[in-house]
Amino acid sequence: MKRSKIILSPHCDDALLALGGSIQLWQPCPITVLTLFGTCAWTVGDSKSHKEITALNRKEEKLALSAAGCASVCLEYKEVLLRGYSEWNAVPGKSDSILQNQLERELLEKIPSRSEVYIPLAIGGHTDHVLTRNAALKLSERLRKKLCSIYLYEDLPYAWYEDVVSHALRLPVQDKPILMDIHRVIESKIKLIANYKTQIGPDEINKVNGYARSIIENRIMERLWQLKE
Ligand SMILES: [Zn+2]
């Protein structure tokens, strides 16, 4: 029996954007996507109220994750633009440190013992990704006591713009990343992420596709970084 996996997804779509290929390669395996900020104020389409966008985005997430064979748990924390910030990559204020404590408690309760835990590297500095990563890293000792291992994934489409390797190596990760060859499943990864019509247009799809081909020349990859034991 494979160890169960739990992927911490700051928003609906982050797990499949970053790991939509690996998830398919891991199947059959118990995989749960735990979305923390399951609310949404922004869309690539025509503007709507955040309640309407959130409802659509949740439907997209349900559809995409069930197609990927994942269980889904969606929490309703307010995303950064609904917490009074005007920028998606705002520096977390005082109220966010209270929020981070809340996230830590929630994660500790929801992450099962002996699981593999996948968390964002927070490439691009999206405030909600940073909070998710920091909450999980803060728990790393306690998660190890629960016999969990922790891996960091490369946030997309942000990884397209950034020096990902330098970013990863500033964290306490093992020097050698884990490479997942997703060439057999890239087409179905693209189909999975195209479900998120409120969030992902042709431009984002091109970046996800291009990034997979940029990690190693002539290969199509996703990459993970294991936290040092
Ligand atoms: Zn996100």
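Residue numbers count from 1 along this sequence.
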Checking side chain to side chain donor-acceptor pair (under 3.5 Å) for the pair Ser97/Gln100: CA distance, chi angles, key distance, verdict? CA-CA 5 Å; Ser97 55; Gln100 191 185 309; over 6 Å; no
Working for side chain to side chain donor-acceptor pair (under 3.5 Å), residues Arg114 and Ser4: CA-CA 8 Å; Arg114 298 174 189 278; Ser4 66; over 6 Å; no
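Judged by distance alone, the side chains of Arg105 and Asn101 never bring a donor and an acceptor atom under 3.5 Å apart.
Pairs engaging residues 99-124 under the ring pair (Phe, Tyr, Trp, His ring centres under 6.0 Å) rule: Trp26-Tyr118, Tyr118-Tyr151 [sequence neighbours left out]. Applying the side-chain hydrogen bond (donor to acceptor under 3.5 Å, both in side chains) rule to pairs touching residues 137-148 yields Glu141-Arg144, sequence neighbours excluded. Within the structure, no pair that satisfies the ring pair (Phe, Tyr, Trp, His ring centres under 6.0 Å) test touches residues 194-219, not counting sequence neighbours. Pairs passing the ring pair (Phe, Tyr, Trp, His ring centres under 6.0 Å) check and including a residue from residues 66-88, sequence neighbours excluded, read Trp88-His126, Trp88-Tyr158. Residues in residues 167-179 take part in no side-chain hydrogen bond (donor to acceptor under 3.5 Å, both in side chains) pair, two or more places apart or across chains.
Counting heavy atoms from C-beta outward, Ser72 and Thr35 have side chains that stay 4.5 Å or more apart. A 4.5 Å side-chain heavy-atom check between His50 and Trp42 finds every atom pair outside the cut-off. A 4.5 Å side-chain heavy-atom check between Leu121 and Leu171 finds at least one atom pair inside the cut-off. Taking 4.5 Å as the limit, every side-chain heavy atom of Asn195 sits out of range of all side-chain heavy atoms of Ile200. Under the 4.5 Å side-chain criterion, counting only non-hydrogen atoms from C-beta, Leu227 is in contact with Leu152. Side-chain contact between Leu143 and Ile111: present, with at least one pair of heavy atoms (C-beta onward) separated by less than 4.5 Å. Side-chain atoms of Lys207 and Leu156, non-hydrogen and from C-beta on, never get closer than 4.5 Å to each other. The shortest side-chain heavy-atom distance between Cys74 and Cys12 falls under the 4.5 Å cut-off.
Taking the side chain to side chain donor-acceptor pair (under 3.5 Å) definition, one finds that Asn57 meets it with Glu60, sequence neighbours left out. Partners of Glu187 under the side chain to side chain donor-acceptor pair (under 3.5 Å) rule, at least two apart in sequence or in another chain, do not exist in this structure. For Arg223, the salt bridge (Lys or Arg N to Asp or Glu O under 4.0 Å) partners are Glu154, not counting sequence neighbours. Every residue two or more places apart in sequence or in another chain was checked for a side chain to side chain donor-acceptor pair (under 3.5 Å) with Asn218, and none qualifies. Here Glu116 pairs with Lys5 under the salt bridge (Lys or Arg N to Asp or Glu O under 4.0 Å) rule; sequence neighbours left out. Annotation: side chain to side chain donor-acceptor pair (under 3.5 Å) contacts of Ser22 (sequence neighbours excluded): Glu222. In this view, Lys110 and Glu106 satisfy the salt bridge (Lys or Arg N to Asp or Glu O under 4.0 Å) rule, not counting sequence neighbours.
In this structure, Ser115 contributes its side chain and Cys148 its backbone to no donor-acceptor pair below 3.5 Å. Ser9 places a side-chain N or O within donor-acceptor distance of the main-chain N or O of His11, the cut-off being under 3.5 Å. In this structure, the side chain of Thr54 does not engage the main chain of Thr39 through any donor-acceptor pair within 3.5 Å. Under a 3.5 Å cut-off, the side chain of Asp181 and the backbone N or O of His183 do form a donor-acceptor pair.
The two atoms that bring Ile205 and Ala194 nearest to each other are CD1-CB, 4.1 Å, heavy atoms only.
A salt bridge does not link Asp128 with Lys78: none of the charged nitrogens is closer than 4.0 Å to a carboxylate oxygen.
Hydrophobic cluster membership is shared by Val173 and Ile178, with clusters built from Ile, Leu, Val, Met, Phe, Trp and Tyr side chains linked at under 4.5 angstrom.
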